[in-house]
Amino acid sequence: MEATRIRLAEGVYLTHLPARKFKTSLLSAQFLTRITAETAAAQALLPAVLRRGTVRYPDMGTLSARLDGLYGAVIDYTVRKKGESQCVGFVASLIDDAFTPDGEKLLEPVAELLGQLICNPTTKRGLFLPEYVESERTNLVDAIRSILNDKREYADLRLLQEMCDGEPYGVSQFGDEKTAETLTVERLQETYVGLLASAPLELFYCGSAEVERVKEALLKALSTLPRTIVRSLPRASHHVAREEVRRVTDAMDVTQGKLGMGFTCGSDDFSALMMGNTLFGGSSNSKLFMNVREKLSLCYYASSLFHWQKGIITVSSGIEFQNFQRAYDEIQSQMKAVQDGKLEEWELTGARSTLCNAYATIGDSQSKLENFWLGRVATGRDDTPEELAEGIRTVSSERIYEAMRTVSLDTVYFLKGEGAEE
């Protein structure tokens, strides 16, 4: 699929993804800003409050009625982290023109409503409604607390926090509970004004409409968007390896231990590291899954993730407390096996197939397409899914081993039970 990215205004860009195979169209508006511990919670709260209503449709009831009148169009707010950028905004789904009664055009009215949510939210005396802010702040705090209830997600987050301590990449997309609880109407209003004035705004459209029509609809919808000096978005810097491995242990009332391990990559060979991680722990045919989990039964689960934006690989595993050292040693052993090239041909073939299939299926979903291109824009990459797949198909085993030999252990995180021994 050919993607076209054009400038609409100062710091406002449209990525047009033409597609006629879907019965719906997707329209997305995302503000991008550097994620920090001080601003993450307020920026995560903002789109939820904006979604509560506009000047013309001041509450959820009237807003929902308007969407129902547009043949059940849906607009959801989104909060995501891409690299070291926080992306907040809205994603709209609407029936494509080819499938509406009498060919009724829905792009323009949905774009207009999207513009109203961004530029003309419900306010009273120039401030957000306190009841809207309080309600959505409670929801945000609950969302942050729910991470603690999912111990696997919590351990993964704690590993990143410890590994990337002092770096934006270690900040949760929702911010922290303490900051979220203290957010005020005034603070949120200040965040809103700053975001509209100076944060890059990325727009995405996937559907059958021509690019000029989409451009005109969005220019009209966002004609009142106030812009001053748009801040440039700094790119994520690669994590610098520690001289000594950092080791952190937390104790909680849990029945299953969580072992997380963070590795720093010293190579910029994207395709080789993607393959290396997939061989190590990124698929159901990986070393971690086949050996540490299945063959040795040392883990309830064991997988790895390549954070290409940051140049790190993280391992997530669930273990019995007493198996900490054995699991730790075996994970290290499997990493060394990949680095030493101790792989069968079927492993290489399977890893290539896994990655190429993943890239091939991006075009089967509008939400996957939007999420993929948002990630590329936010992190400064411009390669397409087809180009990424070609890179995987052509990367040699020698390149894979060479890239993986630059990978070194950086941080170890262990969540154990209270009173449990390692």
Side-chain angles (χ1 to χ4, degrees), residues 1-19 25-36 39-40 43-44 46-47 75-93 111 114-115 118 168-169 171 173 194-207 209 211 214-215 217-219 221-222 225 227 229-238 268 270-271 274 306-311 358-359 361-363 365-389 391:
M1 175 183 291
E2 289 191 15
T4 303
R5 186 168 183 260
I6 58 175
R7 180 182 181 275
L8 299 187
E10 180 66 24
V12 181
Y13 289 86
L14 165 65
T15 298
H16 181 262
L17 304 164
S25 294
L26 180 145
L27 190 60
S28 170
Q30 303 294 320
F31 287 97
L32 276 58
T33 184
R34 182 79 156 182
I35 189 169
T36 69
T39 62
Q43 290 171 170
L46 182 59
I75 299 180
D76 291 323
Y77 74 87
T78 56
V79 180
R80 286 172 283 185
K81 186 174 78 170
K82 298 293 182 181
E84 293 184 340
S85 297
Q86 190 178 22
C87 311
V88 298
F90 303 97
V91 174
S93 178
L114 200 61
I118 293 171
Y169 202 76
V171 179
Q173 67 198 58
L195 207 66
L196 260 61
S198 61
L201 175 59
E202 294 288 340
L203 306 166
F204 302 87
Y205 171 80
C206 183
V211 64
V214 180
K215 174 183 174 182
L218 289 170
L219 281 173
L222 297 169
L225 182 71
R227 305 298 265 175
I229 299 176
V230 177
R231 297 188 301 267
S232 60
L233 200 64
R235 303 306 176 193
S237 57
H238 277 201
D268 291 323
F270 176 86
S271 297
M274 283 294 293
F306 175 41
H307 305 248
W308 55 266
Q309 311 94 329
K310 196 63 180 170
Y359 291 135
T361 59
I362 289 175
S365 164
Q366 289 173 312
S367 60
K368 284 184 179 180
L369 282 166
E370 185 266 351
N371 191 57
F372 174 85
W373 285 105
L374 174 62
R376 307 325 266 179
V377 169
T379 55
R381 295 185 68 98
D382 58 4
D383 32 15
T384 67
E386 292 78 15
E387 290 170 338
L388 292 174

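Test I118, D76, T78 against F90 for side chain to side chain contact (heavy atoms under 4.5 Å, CB included) and you get one pass: I118.
Contact check for Q86 versus V171: no side-chain heavy atoms found under the 4.5 Å cut-off. Here the side chains of L374 and S28 are not in contact, with every heavy-atom distance at 4.5 Å or above. Between H16 and I6, every side-chain heavy-atom pair lies at or beyond the 4.5 Å cut-off. Annotation: side chain of Y13 is not in contact with side chain of V377 (no heavy-atom distance under 4.5 Å). Looking at R34 and R231, their side chains never come closer than 4.5 Å, going by heavy atoms from C-beta outward. L14 is listed as a side-chain neighbour of L218, based on a closest heavy-atom distance under 4.5 Å. A 4.5 Å side-chain heavy-atom check between D382 and R5 finds every atom pair outside the cut-off. Residues S367 and V91 fail the side-chain proximity criterion, which asks for heavy atoms closer than 4.5 Å.
Note: E10 CD to L225 CG = 11.0 Å, rounded to the nearest 0.5 Å. Note that OG1 of T36 and CD of E84 are 11.5 Å apart. Values are rounded to the nearest 0.5 Å. The CG atom of L195 lies 9.5 Å from the CG atom of L32; values are rounded to the nearest 0.5 Å. Residue R227 holds its CZ atom at 7.5 Å from OG of S198, rounded to the nearest 0.5 Å. From E370, atom CD reaches atom CD1 of I362 across 12.5 Å, with rounding to the nearest 0.5 Å.
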Task: side chain to side chain contact (heavy atoms under 4.5 Å, CB included) assessment of L222 paired with L201 - done: CA-CA 11 Å; L222 297 169; L201 175 59; 4.0 Å; yes
Open item on the list: For a side chain to side chain contact (heavy atoms under 4.5 Å, CB included) check, start with the C-alpha distance between L196 and F31, then their side-chain angles and the critical distance, and finish with the verdict.
Closed with: CA-CA 8 Å; L196 260 61; F31 287 97; 4.0 Å; yes
TODO: Check the pair F204 / V214 against side chain to side chain contact (heavy atoms under 4.5 Å, CB included), numbers first and verdict last.
DONE: CA-CA 10 Å; F204 302 87; V214 180; over 6 Å; no
- [ ] Go through the steps to decide whether F372 and L388 satisfy the test side chain to side chain contact (heavy atoms under 4.5 Å, CB included), and finish with yes or no.
- [x] CA-CA 12 Å; F372 174 85; L388 292 174; 3.7 Å; yes
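Cation-pi geometry between K215 and Y205 is not satisfied (NZ or CZ under 6.0 Å from the ring centre, within 45° of the ring normal).
Considering only residues two or more places apart in sequence or on other chains, D383 meets the salt bridge (Lys or Arg N to Asp or Glu O under 4.0 Å) condition with R376, R381.
No side-chain donor from either of T379 and Q309 sits under 3.5 Å from a side-chain acceptor of the other.
Note on K82 versus E202: no salt bridge recorded, every NZ/NE/NH1/NH2 to OD/OE distance being 4.0 Å or above.
Contact between I75 and A92 at its shortest, heavy atoms only, is CG1-CB, 3.7 Å.
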